[in-house]
> 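This is the structure, below, for whatever I ask next.
So you know, we letter chains A, B, ... as the sequences are listed, proteins then strands, and number each from 1.
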4 protein chains.
Amino acid sequence: MDLRIDPTDAVPIYAQVVDQIKALIASRALRPGDPMPSVRELAVNLRINRNTASKAYQTLEAEGILASRQGQGTVVAEGGAPWSHEERVRRLERSLDRSIVEAYHLEIPFDEMPPILEERLKRFTPDDNRDKKEDPA
Amino acid sequence: MDLRIDPTDAVPIYAQVVDQIKALIASRALRPGDPMPSVRELAVNLRINRNTASKAYQTLEAEGILASRQGQGTVVAEGGAPWSHEERVRRLERSLDRSIVEAYHLEIPFDEMPPILEERLKRFTPDDNRDKKEDPA
Amino acid sequence: MDLRIDPTDAVPIYAQVVDQIKALIASRALRPGDPMPSVRELAVNLRINRNTASKAYQTLEAEGILASRQGQGTVVAEGGAPWSHEERVRRLERSLDRSIVEAYHLEIPFDEMPPILEERLKRFTPDDNRDKKEDPA
Amino acid sequence: MDLRIDPTDAVPIYAQVVDQIKALIASRALRPGDPMPSVRELAVNLRINRNTASKAYQTLEAEGILASRQGQGTVVAEGGAPWSHEERVRRLERSLDRSIVEAYHLEIPFDEMPPILEERLKRFTPDDNRDKKEDPA
DNA sequence: GTGGTCTAGACCACG
DNA sequence: GTGGTCTAGACCACG
């Protein structure tokens, strides 16, 4: 669990933890069923308050991304987004729209965006031929 | 100026105003030099406090997106992001990475992202040759 | 934190606070990592409104000079001006040009400026080897 | 009168005019006794409001930098700062202190300031051997 | 009429 | 306890 917390960042610490765990899962560094460190361990490792670590896990559980089982600790959940396909595409579109607005104000021409996206996507699938579970979609 | 404010949203009101104005500019609904409604007008229209409207404008001015002058009103600024090209690309990459993480958790296969991006980009460049007002300058 | 506010000054109160905190940092009376008084404390001490104190801190944070975190207070940030070297020198030149124009109208001969500058610089580097608190980190 | 007004600058227009006229005088582009354009002319040339031009002249007169004589128009005044030598040095020191604070936050080492000052001073005395009135100090 | 500042007072999120 | 947001209402500088 290689998380980097920046306490001076305007983003709350618990949200930084949430974002980074979601990113680790998206890049397959963490996979469904993988055990997560306990709240206590995580707090010690990251040198954050135990309540902060707990809030991060609670948030991820509420989103269906982690699952905790009585006396068994917390694990990465098995997919299963609760929304319709239509709703899920709409959410992704909203996210991409934010990137497009950002690109405009950063004065990066729109036609440079697709190649940059392709390049970033490769970083989330570092090695196409290694053993991995197939995409749950 | 068709802005929609949701006071119950977790995103602060002033930030909602900021985001939507940035989106209007990115879609060319607002162009450099265009006059913005006055702080008072905006506040009345959106039914928010004058200080909240002012904070939105001041935030956009700090980002170099609007330009305000005492006694003269506020206009859309003429481009000019203050960062290096390297820094600007880094910021866009961070934004796209967020979309990629989101896509993963929404269980939308990565190879569906580029076509969705292309489709959204079209909406931000509705038709380069459509009739548009000439620059009033 | 020995700040002196003059409410009758043409310079806004929040800007007076900003200028004086920047001066304290430049003279090493405040160093990176040092905790700042809370917004509430500062407001009480200076007998200004909490919002005014908050605006001063937010301005300094936007300039990368302070770092604030909800629930954790505000500290002096670790350097890192966001501009290119060229831009930074240009800003200093503009500032010195203002002093030169001022000197002329104060009828102080130009060749008296360098020694005055040297003398003032000494006041900002009181004594590099004096006893100082070690870094608490 | 080559003044450049930036209407989007946060500095009020009248103050921009004041600052630039003071700079022209300090660089000897304008000398004591030189006639200034009328308020009306200035307003037309700079495309600013006549009241704005008037306020600039009034400010400069109040500082003893311009002098207007009944029916004779406005001229550059003959020196004569109203303060004691001590007070004038104190004001220059305050101005240089501002530059030092700025240099610190721009991360320009203090020992680079004197050479930069020397270089800027040369720009205000473009040609040491041309005919000129001696320094009034 | 325009934007900027300031106060007083309330409520919220974070840790 | 900390900083952030929002409202209501007042006053000021600029043009």
Side-chain angles (χ1 to χ4, degrees), chain A residues 5 7-17 43 47-56 59, chain B residues 5 7-17 35-43 46-59 61 66-75, chain C residues 5 7-17 35-43 46-59 61 66-75, chain D residues 5 7-17 43 47-56 59:
Chain A
I5 299 306
T8 70
D9 196 316
V11 178
I13 293 173
Y14 89 93
Q16 293 182 42
V17 174
R47 284 162 222 193
I48 63 180
N49 191 292
R50 225 188 305 155
N51 296 324
T52 306
S54 176
K55 174 153 192 184
T59 302
Chain B
I5 299 307
T8 70
D9 195 310
V11 178
I13 294 173
Y14 86 92
Q16 293 181 44
V17 175
M36 299 291 294
S38 77
V39 167
R40 283 163 177 80
E41 267 182 272
L42 187 69
L46 303 183
R47 281 160 227 194
I48 61 179
N49 188 276
R50 206 154 66 71
N51 292 325
T52 305
S54 179
K55 180 164 188 177
Y57 275 13
Q58 282 179 36
T59 301
E61 195 171 3
L66 296 184
S68 295
R69 277 165 55 209
Q70 279 206 355
Q72 289 292 99
T74 300
V75 300
Chain C
I5 299 307
T8 70
D9 195 310
V11 178
I13 293 173
Y14 85 92
Q16 294 180 43
V17 175
M36 298 292 294
S38 77
V39 167
R40 283 162 177 81
E41 268 182 89
L42 187 69
L46 302 183
R47 282 158 226 199
I48 61 179
N49 190 278
R50 207 154 67 72
N51 292 325
T52 304
S54 180
K55 180 163 188 178
Y57 276 13
Q58 282 179 35
T59 301
E61 195 170 4
L66 295 184
S68 295
R69 277 165 57 208
Q70 279 204 357
Q72 288 294 97
T74 301
V75 299
Chain D
I5 299 306
T8 71
D9 195 317
V11 177
I13 295 173
Y14 89 93
Q16 292 182 43
V17 174
R47 284 164 222 190
I48 63 180
N49 192 291
R50 225 188 304 155
N51 296 324
T52 306
S54 175
K55 175 152 193 183
T59 302

> Students often get this wrong, so: under 4.0 angstrom with heavy atoms, is D/I48 touching a base, only sugar-phosphate, or nothing?
nothing
> Which base sits across from E/dC14 as a Watson-Crick or G-U pair, both distances under 3.5 Å?
F/dG1
> Check the distance between E/dG9's C1' and C/N51's CG and give it to me in whole angstrom.
9 Å
> Within the modelled atom types, does a donor on one side and an acceptor on the other bring the side chain of B/R50 and the base of E/dG4 under 3.5 Å apart?
yes
> Please figure out whether B/A15 or C/G71 has its closest DNA chain F nucleotide nearer the 5' end.
C/G71
> OP1 or OP2 of F/dC14 versus the side-chain N and O atoms of D/K55: is any pair under 4.0 Å?
yes
> Would you mind reading off the distance between C/D9 atom CG and E/dT5 atom C1', rounded to a whole angstrom?
14 Å
> For the pair made of CD in B/Q72 and P in F/dA13, what is the distance, rounded to whole Å?
17 Å
> Please determine whether a side-chain nitrogen or oxygen atom of C/T52 lies at a distance below 4.0 Å from atom OP1 or OP2 of E/dT5.
no
> With heavy atoms under 4.0 Å as the rule, sort C/E61 into base, sugar-phosphate or nothing.
sugar-phosphate
> May I have the distance from A/I13 (atom CD1) to E/dA13 (atom C1'), rounded to whole angstrom?
13 Å
> Within the pair C/Q58 and F/dG4, is there a side-chain N or O less than 4.0 Å away from OP1 or OP2?
yes
> Hey, is the side chain of B/R40 pairing donor to acceptor with the base of E/dG3 inside 3.5 Å?
yes
> Within less than 4.0 Å of OP1 or OP2 of F/dG3, is there a side-chain N or O belonging to C/Y57?
no
> Whole angstroms only, please: what is the CG-C1' distance between C/L46 and E/dT5?
16 Å
